[in-house]
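One is the number of the first residue; the rest follow in order along the sequence. All values below come from the heavy atoms of this structure, side chains included, with hydrogens, waters and symmetry mates left out.
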Amino acid sequence: MRGLAILGSTGSIGISTLKVVDSHPGAFRVAALAAGNNVELLDAQVRRFRPDLVAVKDAEAAATLRDRLGRRTHPRIVHGEEGRIEAATQAEVDVVVCALVGSVGVRSAWAAVSAGKTLALANKEALVVGGAHLTRRAAETSATILPVDSEHNAIHQCLRGEASSEVRRLWLTASGGPFRTWQRDRLARVTPEQALAHPTWRMGRKITIDSSTLMNKGLEVIEAHWLFGLPGDRIRVLVHPGSVVHSMVEFVDGSFKAQLGVTDMQAPIQYALTWPERCPTGLPPFDPVAAGPLVFEEPDVQRFPCLSLAYAALSAGGAAPAVLNAANEVAVAAFLEGRAGFLDIPAVVEAALARHASHPAGSLDDLLEADRLARETAAAALPHGERCS
């Protein structure tokens with residue numbers, strides 16, 4: 001039985017992870033949960049899975065959870081970054097599912113690999129911000145990093161049994177989001193509600209906006225670089241509206257391997273939790289006939305410049321990816337709150353990169369300082385005045 005710590009248990013990936021646990025009685029034990037302030041859902045998860053330790057955002061959320069659980073026997077409750085790190089390093093934990101949103105997951109991911117845990121990583125920002133340090137630390141401790149993102153999970157599956165010297169390129173597929181066919185003048189009037197209506201996947205709010213700007217795919221290019229060791233010019237992006245082919249690997253002889261499947265995150269999550277074995281899922285089988293024709297398009301970086309900004313940040317190296325990610329988080333939050341327009345997102349990111357891309361990156365602390373400075377610059381670059389309509 002594998003002990004799990006699920007960081008971000010009340011988010012979409014965390015909820016799907018617990019569904020996987022439920023579908024395999026006796027295979028997993030939830031040793032630790034970490035979440036933010038959604039105490040109501042966390043309370044239900046604690047009662048159902050009975051973890052030893054629970055981490056929440058702050059002391060107020062911890063007190064609320066204790067009150068909800070009452071006098072019954074309940075787990076030890078901790079809070080803050082220290083609490084998340086404690087959850088990730090419990091002796092009873094074999095696999096840490098890191099599904100936190102944004103750069104807040106960097107320290108927890110570092111703690112998990114430092115403790116030699118298997119890291120099932122859904123928090124791509126951890127590698128975007130600290131990829132060099134995180135992968136080096138994992139090598140030092142013999143920790144394993146397994147991708148949960150459907151695209152990188154697909155590539156991991158395609159590379160099983162293959163020699164890295166025989167790989168020519170990686171191909172990440174993107175749905176194109178809800179605005180794939182929109183012209184630029186129309187994009188200027190996009191509302192958060194429109195951007196949150198993803199055509200194929202059901203995800204958290206931040207990642208859904210990133211999908212609509214293609215920044216999500218840009219972050220995935222950087223993540224793929226650290227996971228699979230290929231430079232940016234050997235990692236390509238294709239728009240694939242059907243989201244049937246989750247990604248592909250091209251080999252030196254011109255052959256391609258693609259991973260196909262249903263669009264449900266339980267599949268890549270289960271792959272990461274059970275690796276190197278495969279197990280049946282409770283998902284409906286993939287029907288290649290019903291999937292219809294496979295359509296692929298080149299991404300339009302003129303209308304969606306975030307993808308080009310991500311490639312540029314990867315090429316620049318150092319702190320540039322951390323700056324890119326931090327500025328994007330600020331801009332996306334402002335867009336969701338109606339304080340910025342859709343096209344302000346790449347403009348804000350570009351402004352932060354221009355100022356902080358060359359910040360020192362010799363340590364994880366350097367990168368987190370670059371993250372902080374980029375957030376300040378991004379906030380200053382946001383449009384001022386009344387809320388955007």
_Please check this pair: side chain of Asp149 against backbone of Glu151, looking for a donor-acceptor N/O pair closer than 3.5 Å._
no

*Carboxylate-amine/guanidinium proximity below 4.0 Å for Asp300 and Arg180*: no

_Glu92/Arg2 salt bridge by N-O under 4.0 Å criterion_ = no

*Under the side chain to side chain contact (heavy atoms under 4.5 Å, CB included) criterion, do Val295 and Glu297 qualify, and how do the steps go?*
CA-CA 7 Å; Val295 176; Glu297 305 166 358; 4.3 Å; yes

*asked:* With a 4.0 Å cut-off on N to O distance, would you call Lys19 and Asp264 a salt bridge?
replied: no

*Within-4.5 Å side-chain heavy-atom neighbours: Trp275 and His156*: yes

*Determine whether more than 12 heavy atoms belonging to other residues, nucleotides or ligands lie under 6.0 Å from atom CZ of Arg136.*
yes

_Using a strict threshold of under 4.0 Å (side-chain N to carboxylate O), is an ion pair present between Glu250 and Arg168?_
yes

*Could you tell me whether a side-chain N or O of Asn123 sits under 3.5 Å from a main-chain N or O of Leu100, the two making a donor and an acceptor?*
yes

*Under 3.5 Å, side chain of Asp366 to main-chain N/O of Ser363, donor-acceptor pair present?*
yes

*Could you verify whether a donor N or O on one side chain and an acceptor N or O on the other, from Thr377 and His356, lie under 3.5 Å apart?*
yes

*Could you tell me whether the side chain of Arg66 and the main chain of Ile77 form a donor-acceptor pair under 3.5 Å?*
yes

*Checking side chain to side chain contact (heavy atoms under 4.5 Å, CB included) for the pair Arg339/Leu382: CA distance, chi angles, key distance, verdict?*
CA-CA 8 Å; Arg339 297 184 291 109; Leu382 289 169; 3.7 Å; yes

*asked:* If we ignore hydrogens and angles and just use 3.5 Å, is the side chain of Thr213 paired with the main-chain N or O of Asp210 as donor and acceptor?
replied: yes

_Looking at Gln45 and Ser9, would you say the former's side chain and the latter's main chain have a donor-acceptor pair under 3.5 Å?_
yes

*Looking at SG of Cys158 and CZ of Phe251, how far apart are the two atoms once the value is rounded to the nearest 0.5 Å?*
7.0 Å

*Is there a donor-acceptor contact under 3.5 Å linking the side chains of Arg278 and Gln157?*
yes

*asked:* Taking atom CD as the centre, does Gln194 end up with more than 12 heavy-atom neighbours from other residues, nucleotides or ligands that are less than 6.0 angstrom away?
replied: yes

*Please confirm whether the backbone N or O of Ile13 pairs with a side-chain atom of Thr17, one donor and one acceptor, at under 3.5 Å?*
yes

*In plain terms, say whether Arg355 and Glu376 are close enough for a salt bridge, that is, a side-chain N and a carboxylate O under 4.0 Å apart.*
no

*List the steps and the verdict of side chain to side chain contact (heavy atoms under 4.5 Å, CB included) for Ile145 and Thr118.*
CA-CA 6 Å; Ile145 301 176; Thr118 294; over 6 Å; no

*Any side-chain donor near an acceptor of the partner, Gln270 and His24, under 3.5 Å*: yes

*Answer yes or no: is there a side-chain heavy-atom contact under 4.5 Å between Lys124 and Asn216?*
yes

_Could you walk me through whether Arg375 and Ser103 satisfy the side-chain hydrogen bond (donor to acceptor under 3.5 Å, both in side chains) test, starting with their C-alpha distance in whole Å, then the side-chain angles of each, then the deciding distance to 0.1 Å, before giving a yes or no?_
CA-CA 11 Å; Arg375 289 174 190 277; Ser103 60; 2.8 Å; yes

*Okay, side chain of Thr173, backbone of His246: is any donor-acceptor separation there less than 3.5 Å?*
yes

*State whether the side chain of Ser23 and the backbone N or O of Val20 hold a donor-acceptor pair below 3.5 Å, judged by distance alone.*
yes

*Check step by step if side chain to side chain contact (heavy atoms under 4.5 Å, CB included) holds for Ile235 and His225.*
CA-CA 8 Å; Ile235 305 171; His225 164 72; 4.1 Å; yes

*Answer yes or no for Arg186 and Trp182: cation-pi contact, defined as NZ/CZ to six-membered ring centre under 6.0 Å and angle to ring axis within 45°.*
yes

*Mutual orientation of the aromatic rings belonging to Phe342 and Phe335 [parallel < 30°, tilted 30-60°, perpendicular > 60°]*: perpendicular

*Is the backbone N or O of Gly341 less than 3.5 Å from a side-chain atom of Asp344, with the two atoms forming a donor-acceptor pair by type?*
yes

